[in-house]
Amino acid sequence: MSFSAHRRKLLDETVPFLHRASHARSCALHVANKLGLAREAVIERVAQQSGVSLLQPENAAQLRAALAVLESMRQNS
């Protein structure tokens with residue numbers, strides 16, 4: 001799946017929350033691959049910039065905040 005496909009699933013509120021969180025981590029993997037970084041480094045950067053742990057997100061608002069950081073990283077590469 002592509003970043004865009006994972007993004008759609010992350011934003012789809014009919015998908016169970018834990019699956020949406022998994023799609024967020026998949027988005028992080030795509031960004032990591034594009035930037036030549038480890039997935040964990042991208043997850044850490046998301047946490048630093050948004051205050052959201054992609055490993056244990058608490059709600060949909062956090063997923064959207066993390067996605068905004070991932071999209072910014074992806075665009076600014």
Side-chain angles (χ1 to χ4, degrees):
M1 289 178 76
S2 67
F3 179 91
S4 296
H6 286 294
R7 180 186 183 279
R8 278 192 300 277
K9 291 288 189 176
L10 184 162
L11 294 173
D12 184 350
E13 294 188 10
T14 65
V15 174
F17 179 76
L18 292 178
H19 290 168
R20 293 173 67 194
S22 176
H23 287 289
R25 290 186 294 275
S26 294
C27 285
L29 179 60
H30 280 280
V31 171
N33 288 338
K34 183 174 183 176
L35 298 177
L37 300 171
R39 183 184 81 131
E40 292 74 19
V42 172
I43 289 173
E44 179 63 30
R45 192 176 298 179
V46 168
Q48 289 172 349
Q49 293 183 18
S50 69
V52 175
S53 168
L54 284 178
L55 301 176
Q56 295 183 327
E58 296 177 7
N59 54 51
Q62 287 189 347
L63 291 180
R64 289 189 299 273
L67 178 61
V69 172
L70 289 168
E71 288 179 324
S72 175
M73 291 174 67
R74 184 172 176 247
Q75 296 300 320
N76 295 325
S77 63

Review point. Passes side chain to side chain contact (heavy atoms under 4.5 Å, CB included), Leu55 versus Arg25? Steps please.
Key: CA-CA 8 Å; Leu55 301 176; Arg25 290 186 294 275; 4.2 Å; yes

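Hydrophobic clustering (ILVMFWY, side-chain heavy atoms < 4.5 Å, transitive): Val42 and Leu29 are in distinct clusters. Under the 4.5 Å side-chain heavy-atom criterion for ILVMFWY residues, no single connected hydrophobic cluster contains both Leu11 and Met1.
In terms of heavy atoms, Arg20 sits closest to Leu63 at CB-CD1, 3.8 Å. Considering all non-hydrogen atoms of both residues, Val46 and Met73 come closest at CG2-SD, 4.4 Å. Shortest non-hydrogen contact noted between Leu67 and Leu10 is CD2-CD2, 4.1 Å. Ala28 approaches Leu70 most closely through the heavy-atom pair CA-CD2, 3.7 Å. Nearest heavy-atom pair across Gln62 and Glu58 is OE1-N, 2.7 Å.
For the atom pair OG (Ser26) and CZ (Arg39), the distance works out to 8.0 Å, reported to the nearest 0.5 Å. Note: Ile43 CD1 to Cys27 SG = 11.0 Å, rounded to the nearest 0.5 Å. For the atom pair CZ of Arg45 and OG of Ser50, the computed distance is 12.5 Å after rounding to the nearest 0.5 Å.
The only option from Arg8, Lys34, Glu71 that meets the side chain to side chain contact (heavy atoms under 4.5 Å, CB included) definition with Phe3 turns out to be Glu71.
The aromatic rings of His30 and His6 sit tilted, their planes meeting at an angle between 30° and 60°.
Within a 6.0 Å radius of CD in Gln56, no more than 12 heavy atoms belonging to other residues, nucleotides or ligands are found.
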